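Here the structure is laid out as structure tokens; the discussion comes afterwards.
In what follows, chains carry the letters A, B, and so on, assigned in the order in which the sequence lines appear, proteins first and then strands, with residues in each chain numbered from 1. Please read these numbers as outputs of a predicted model, since none were measured by experiment.
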Amino acid sequence: MSERIFIGVAWPYADGPLHLGHIAGAYLPPDIFARYHRAKGNEVLMVSGSDMHGTPITIKAEHEGKTPGEIVTQYHQQFLASWQKLGISFDLFTNTGTANHAEVSCDIFLTLLDKGYIYKASVSQPFCPVCQRFLPDRYIEGTCPYCNSSGARGDQCDDCGKPINAVELINPRCRSCGAAPQFKDSEHFYLKLTAFRDRLLDWVKQQTHWRQNVLNFTMRYLEGGLKDRAITRDIDWGIPLPLDGFEGKCLYVWFEAVIGYLSAAKEWAKSSGDDEKWRSFWQGEVKSYYFVGKDNIIFHTIIWPAMLMGYDGLNLPYDVPANEFLTIEGKRLSTSRNWAVWLPDYLSRYDPDPLRYLLSINMPETSDTDFSWREFIRRNNDELVATYGNLVHRVLTFTYRSFNACVPVPGQLDNHSQALLSSASDIFNTMDNLLYHCHFKEAIRSAMSLAQETNRYLDEKSPWKVIKQDRQASATALYVAISVLSCLKTALYPFLPFSSQKLHEFLGFKGSVEDDGWKLHFPPPGQKLLPPEPLFSKLDEELVDEETSRLGHVHY
RNA sequence: GGCAGCGUAGCUCAGUGGUAGAGCAGAGGACUCAUAAGCCUUUGGUCGUGGGUUCAAAUCCCUCCGCUGCCA
């Protein structure tokens, strides 16, 4: 029975490169999930895109003497290249700068306005009399009322880290011309979140399959902090309000970005030639998953669901398997202090699968976990290479040499051989269940335990020794081992797609692992093997110091 | 300051009431097909502290200490 799965992935902000925290938190998990479901033969639509609007981008553009458009285009291209290299298999990775997205966003805005879920209110906003424009919080500088530092902005003080309201700043001034801002009334629109409180509570209480951290966080917010929120800003970099008399105002990014999930589905449908195809992933029998980091939980468990409830007729999220954070060498990531491992940097020097392996087996599913280069290299050398890679290599090289480069013809299977094969089958089924429920870490650990068990089996059977007296016994043991490799290449495919594909070919299979489906494939005896090569390479331990020393150096 | 979470072997992490686990690191051993990989044996924890509930607590409750996050 085929299922339909919609996978929405958090939209990365196009003002800087991606780092490993992003990947571990939001990008690798949905890719594992999507590959698993596609292999099972389910229909998957996995979408995301670059978030191109918002004040940080205009500020960065001014800093670098570029236009906002140049900045976001540059990072959008970089994101696309990263997905390709890392193997993050989006069906569509678009961006919020498209005409389609503006159209869909305006439709939602107008519909919610029409139904009374959006209302207008007048608020006092800082206005620069020289520049003749309203100033976003980040465009105002002044003295921090808490620590007296002179470089505080209207949203927060970088020195003491405290959040600030623009009105509290001492000696406020416009960041571009230095003039003192005046406060003027400005009309803005608010999303009436409070109107959805009871419906949200009822709905969330039914989501017993959600992760505990997601449920807790959401309930706390619903019971305590639910407020109507402004959804428009006085800026010109964004989606203009589709109403007369509101020139110079745009939709606030947080309101508009989540709509991207819907607009991306529509864009995907259009490019497929069937404009209405998006409906099959938004209405009726389909499960919607949203993969995000924990900082994004409420946008996907409260705000976006409220918008969908108000709009009516589209599916609410089925699950939001949010991950916790990744720390680097024990410390919290910091972009400004360059305490991060940047993805393009990583991909310029290393293969994708070792990173996918580490971030999977040490995924921050239920609590923060740590990335260190020492751990990365150790896991690569002692687990990926030594346990799995070497298992593949020892089986294939010996078979290739001693059995004429073909899958050997097995004899009668003894108890031990049958036990290993049934263990492979059990583990495969266990992994199926774990992946279905988004328990990625435990799933990949199961696969590794099967590799270990197979190493033990080989040691006991010693086909390299037995072959001298009993060629048939050797052939049988190798056939059994090769069958397990075939199981592993499928089971590990969602995690390690590149090396699984290689193994698939070494074993003599044609086409792609994914097309062969999520089931056990025993290579037919006699099937011609390809000349085996190591699946993974060891990494020099000296890289630990070399890589670690890159951290913390600000280079721009 | 308020709220939440975390604190388990040297390291990275599992483990939500029933005799403390894995991988790696350390020690010893047999083997040699394999990227000196794999396999076997073994050392190592009074599960942050102090109390409580229970026949029984890493697991539930409270105090304190330390760390982290969110909010003010």
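The same atom, C1', is picked in B:A22 and in B:C65; the two are 30 Å apart, to the nearest Å. Taking atom P on both B:G5 and B:C61, the two are 9 Å apart, rounded to the nearest angstrom. B:C62 and B:U43: their P atoms are spaced 38 Å apart (whole Å). For B:A9 and B:A14, the P atoms lie 13 Å apart once the distance is rounded to whole Å. B:C11 sits 28 Å from B:A4 when the C1' atoms are compared, rounded to a whole Å. Spacing of P atoms, B:A58 relative to B:U46, comes out at 13 Å, to the nearest Å. For B:U19 and B:C55, the C1' atoms lie 14 Å apart once the distance is rounded to whole Å. B:G66 and B:U8 are spaced 16 Å apart, taking the C1' atom of each and rounding to whole Å.
B:A27 is paired with B:U41 under the criterion used here, namely a Watson-Crick or G-U wobble arrangement in which both key atom distances are under 3.5 Å. The pairing partner recorded for B:U32 is none, the criterion being a Watson-Crick or G-U wobble arrangement whose two distances lie under 3.5 angstrom. B:G21 is paired with B:C13 under the Watson-Crick or G-U wobble criterion, all donor-acceptor distances under 3.5 Å. Base-pair partner of B:U46: not found among the strands shown (Watson-Crick or G-U wobble, both distances under 3.5 Å). A 3.5 Å limit on both hydrogen-bonding distances identifies B:U68 as the Watson-Crick or G-U partner of B:A4. Remark: B:A56 base-pairs with no nucleotide in the shown strands. Criterion, Watson-Crick or G-U wobble with two distances under 3.5 Å.
Residue A:Thr397 places none of its side-chain N or O atoms closer than 4.0 Å to OP1 or OP2 of B:U35. At least one side-chain nitrogen or oxygen of A:Lys538 sits closer than 4.0 Å to the OP1 or OP2 atom of B:A37. Dashed line: the shortest gap from a side-chain N or O of A:Arg401 to OP1 or OP2 of B:A34 is under 4.0 Å. Listed pair A:Arg378 / B:A25 fails the phosphate criterion, with no side-chain N or O lying under 4.0 Å from OP1 or OP2. In this structure, A:Ser449 does not reach the B:G23 phosphate: none of its side-chain N or O atoms is under 4.0 Å from OP1 or OP2.
No cation-pi contact links A:Arg356 to A:Phe495, judged by a cut-off of 6.0 Å to the six-membered ring centre and 45° from its axis.
Residue-to-nucleotide contacts include a donor-acceptor pair under 3.5 Å from the side chain of A:Asp459 to the base of B:G38.
Taking atom NZ of residue A:Lys294 and atom C1' of nucleotide B:A4, one finds them 10 Å apart after rounding to whole Å. One atom, CG of A:Asp382, and another, C1' of B:A22, lie 15 Å apart when rounded to the nearest Å. Rounding to whole angstrom units, CD1 of residue A:Ile467 and P of B:U32 are separated by 15 Å. Counting to the nearest Å, the P atom of B:U35 and the OH atom of A:Tyr388 are 17 Å from each other. Summarising the geometry, the separation between CG on A:Asn381 and P on B:G23 is reported as 18 Å, rounded to the nearest angstrom. Between the P atom of B:U12 and the CD atom of A:Glu365 lies a distance of 19 Å, rounded to the nearest Å. The CG-P distance, from A:Leu391 to B:A34, rounds to 14 Å in whole Å. Counting to the nearest Å, the P atom of B:U32 and the NZ atom of A:Lys468 are 7 Å from each other.
Heavy-atom nearest nucleotides on RNA chain B were determined for A:Ser367 and for A:Asn216, and the one closer to the 5' end corresponds to A:Asn216. Residue-to-nucleotide proximity on RNA chain B shows that, of A:Ile361 and A:Gly389, the 5′-proximal contact is made by A:Ile361.
Across all strands shown, A:Arg445 has heavy atoms under 4.0 Å from sugar-phosphate atoms exclusively, and none from any base. Looking at heavy-atom distances under 4.0 Å, A:Pro534 makes contact with a base. At a threshold of 4.0 angstrom between heavy atoms, the contacts of A:Leu535 include nucleobase atoms, whether or not backbone atoms are also involved. Using a 4.0 Å heavy-atom distance criterion, A:Phe536 is classed as a base contact. The residue A:Thr366 sits close only to the backbone: its heavy atoms come under 4.0 Å of sugar-phosphate atoms, none of a base. Across all strands, A:Glu383 comes closer than 4.0 Å only to sugar-phosphate atoms, never to a base (heavy-atom distances).
Side chain of A:Val385, nearest nucleotide from B:C24, B:U35, B:G38: B:U35. Distances from the side chain of A:Lys441 to the nucleotides B:C33, B:A37, B:C13 place B:C13 closest. The nucleotide whose nearest atom lies closest to any side-chain atom of A:Thr369 is, among B:G23, B:C40, B:C13, B:C13. Set against B:U32, B:U35, B:C13, the side chain of A:Trp464 has B:U32 as its closest nucleotide. The side chain of A:Asp368 lies closest to B:U68, out of B:A14, B:U68, B:G38. The A:Lys465 side chain lies nearest to B:U32 when the options are B:G38, B:U32, B:C13. The side chain of A:His393 sits closest to B:U35 out of B:G23, B:U35, B:U12.
Taking the six-membered ring for Trp and the full ring otherwise, A:Phe536 and A:Tyr357 have centroids separated by 6.0 Å or more. If you look at A:Phe371 and A:His19, their ring centroids are not closer than 6.0 Å. Aromatic ring centres of A:Phe255 and A:Phe189 lie farther apart than the 6.0 Å criterion allows.
In the displayed structure, A:Asn415 atom CG is contacted under 6.0 Å by at most 12 heavy atoms of other residues, nucleotides or ligands. Atom CD of A:Gln469 is surrounded by more than 12 heavy atoms from other residues, nucleotides or ligands within 6.0 Å. Counting non-hydrogen atoms of other residues, nucleotides and ligands closer than 6.0 Å to CD of A:Glu442 gives a total of 12 or fewer.
Here the side chain of A:Asn323 pairs no donor or acceptor atom with the backbone of A:Met363 at under 3.5 angstrom.
Aromatic stacking is not marked for A:Phe398 over B:C33, as the cut-offs of 5.5 Å for the centres and 30° for the planes do not both hold.
Residues A:His439 and A:Asn433 have side chains that never bring a donor and an acceptor to within less than 3.5 angstrom of each other.
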